[in-house]
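Both backbone and side-chain heavy atoms feed into the values below; hydrogens, waters and symmetry mates do not.
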Amino acid sequence: MLLKLYKALLTFLYPLALNRYIEKRKKNGKEDLKRFNERLGKATLPRPKGKLIWMHGASVGESISMLPLIHRLLEVFPDVHIMVTTGTTTSADVMAKRLPDRAFHQYFPLEHPLYAARFIRHWKPDLALWFESEFWPAMLSALKKRNIPIILVNGRISNKSFRRWQQFEFVIKEILSCFTLCLGQSDEDTYRLKVLGAKNTASLGNLKYAGLPLPVDETKKAELAEQFSGRNVWLVSSTHEDEETKIGRFLKDLAKKVPNLLTVMVPRHPHRGIEIKERLEKEYGLSVSLRSADEKITNKTDVYIADTIGELGIFYELIDIVFIGGSLIAHGGQNFMEPSRSRDAVLVGPHMHNFTDAMNRAKRADAVIQVNDVLELIDMVEKLFTNPDLLEAKRSLAYNWATSEAKVLDGIVEKIQDYIQ
């Protein structure tokens, strides 16, 4: 009943308010004008023959988290095609570059019963996979009306959202009734979904833990391996402002204890490379080489700044000790699971609140080393370099944890098989 009222209001309000909102988005460059018909539910591609799985995620992060599952589903179901929908131009660009064969992108229609019906009438998906927590009632109810199964994948209900939805329990209960199955990304999320009214729930783990390997250019990897030869190399990855100088201050002291030390720094924002080089040289007298300037590593190089894009996978494969930036400052940390999958010993600072659930799981498995400050970081790096057994143990623990977390893919595929055969 509530969904019917909601759709009636949308139909009435669209000419009055929503139309002006859309025109504003177009004016501000937030809509793809060449493909805007897709936002009205008008397809720009024919429907492929056979089974079609539709996967929807709101943003870049959610669409990237879909990729491992997309690859696995196409592998398991060789006759299936996958359509990915997102709502932003940035995510559309990312998907255009990264989607494999038999997968394609369309924009998600604007929230309106007419557009939802038009979209479903053309695509006729056999199964809809809905990612995380963006609920669009008009589309969900249209899918339910046509008996198309909908699975919520990696469902996330934050503390704030949970409290808000509890005040409108009758609304969220009706929305969640559209889902055939709700898979929470953690036990806590699954519990909240159940409390809010989801009838069929399960917790299989967080899909973001099952990311694809980062790309590696083998030619560049071989060139760097030759330059690293004979050096004790560690990586300071995805750093933010001030972290490089915090670490740089102690590098000469560390080099006295670890002979032939080379520190590789990969700033989160590559345009900062020149600035970092100048500060390290001026303030601490370090010899710094800049990758973007094609400066080679010599036996006098203390720091190598890889201020380039898309090469992080190379460094994760070549270097065994990795510190993850964004964690010595109150940024909240960067992805520490990627080097774990490359079998590296992974260190992080005290600020990892962007990855609270993953950190808790990794720490229980002794798969990550968390330090309180830069002094503890330098001390731990020294211990890893000077104790081969400790280094090997930490590398194995990190890799074993990352591999076990990636099994979430198998669980999701097993659930999906019941609806796509």
Side-chain angles (χ1 to χ4, degrees), residues 22 25-111 115-116 118-120 122-134 136 139 153-154 207-208 210-218 220 238 268-271 308-314 334-335 338 409 412 416:
I22 292 166
R25 284 181 59 83
K26 286 183 178 180
K27 186 177 179 181
N28 293 336
K30 294 184 177 181
E31 295 289 346
D32 186 339
L33 299 182
K34 292 181 181 179
R35 294 173 55 186
F36 188 73
N37 273 348
E38 294 175 25
R39 298 285 272 157
L40 305 179
K42 298 178 181 179
T44 54
L45 295 171
R47 186 198 187 281
K49 293 180 181 179
K51 297 281 188 179
L52 178 66
I53 298 175
W54 169 28
M55 303 171 71
H56 173 66
S59 64
V60 173
E62 288 170 9
S63 58
I64 290 175
S65 74
M66 296 178 189
L67 289 169
L69 182 57
I70 290 171
H71 283 267
R72 181 65 64 85
L73 288 172
L74 292 174
E75 179 184 314
V76 173
F77 304 109
D79 299 324
V80 162
H81 285 78
I82 292 177
M83 174 176 63
V84 174
T85 61
T86 59
T88 66
T89 55
T90 305
S91 57
D93 291 341
V94 171
M95 290 296 99
K97 296 173 183 175
R98 300 189 64 175
L99 283 176
D101 291 340
R102 296 183 12 240
F104 60 95
H105 176 271
Q106 291 278 282
Y107 281 106
F108 185 77
L110 295 162
E111 178 73 338
Y115 306 155
R118 184 185 287 159
F119 179 89
I120 295 171
H122 175 82
W123 292 112
K124 299 182 181 66
D126 296 281
L127 171 66
L129 303 181
W130 209 271
F131 281 72
E132 298 211 8
S133 59
E134 186 184 73
W136 294 107
M139 180 62 80
V153 179
N154 231 39
L207 188 61
K208 290 180 179 177
L212 291 173
L214 294 176
V216 173
D217 184 311
E218 292 297 332
K220 292 180 180 178
S238 301
R268 178 69 174 172
H269 302 106
H271 69 270
T308 51
I309 296 174
E311 295 188 329
L312 196 53
I314 299 173
Q334 299 296 152
N335 191 329
E338 291 168 342
L409 277 180
I412 294 174
I416 288 172

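Test V153, I412, V84 against L129 for side-chain contact (heavy atoms from CB on, under 4.5 Å) and you get one pass: V153.
The closest side-chain heavy-atom distance from K124 to L52 is not below 4.5 Å. Residues M66 and M95 fail the side-chain proximity criterion, which asks for heavy atoms closer than 4.5 Å. Using a 4.5 Å heavy-atom threshold, the side chains of T44 and Q106 count as touching.
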Criterion side-chain contact (heavy atoms from CB on, under 4.5 Å) on L33 and K26, from CA distance to verdict: CA-CA 7 Å; L33 299 182; K26 286 183 178 180; 3.8 Å; yes
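A donor-acceptor pair under 3.5 Å links the side-chain atoms of E38 to the main chain of Y107, judged by distance alone. Remark: side-chain polar atoms of R102 are paired, donor with acceptor, to backbone N or O of V80 under 3.5 angstrom. With H122 contributing its side chain and L45 its backbone, the two residues share a donor-acceptor pair below 3.5 Å.
The two residues L409 and A210 come nearest to each other via the heavy atoms CG-CB, 3.8 Å.
In I309, the CD1 atom is not crowded: 12 or fewer heavy atoms of neighbouring residues, nucleotides or ligands sit closer than 6.0 Å. The number of heavy-atom neighbours closer than 6.0 Å to CZ of R35, taken from other residues, nucleotides and ligands shown, is above 12.
The CE atom of M139 sits 8.5 Å away from the NE2 atom of H56 when rounded to the nearest 0.5 Å. Between atom CZ of residue R39 and atom CG of residue D32 there is a gap of 10.0 Å, rounded to the nearest 0.5 Å. Between the CD atom in E338 and the CG atom in L214 there is a gap of 4.0 Å [rounded to 0.5 Å].
Residue pairs satisfying the salt bridge (Lys or Arg N to Asp or Glu O under 4.0 Å) criterion with at least one member in residues 40-54, sequence neighbours excluded, are listed as follows: R47-D126. Residue pairs meeting the side-chain hydrogen bond (donor to acceptor under 3.5 Å, both in side chains) criterion with at least one member in residues 86-99, sequence neighbours excluded, are T86-S91, T86-H105, T88-S91.
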Could you tabulate the donor-acceptor pairs under 3.5 Å formed by side-chain atoms of residues 67-77, not counting sequence neighbours?
from : atom 1 : to   : atom 2 : distance (Å)
R72  : NH1    : D410 : OD1    : 2.4

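Using a 30° and 60° split on the angle between ring planes, F108 and W54 fall in the parallel class, below 30°.
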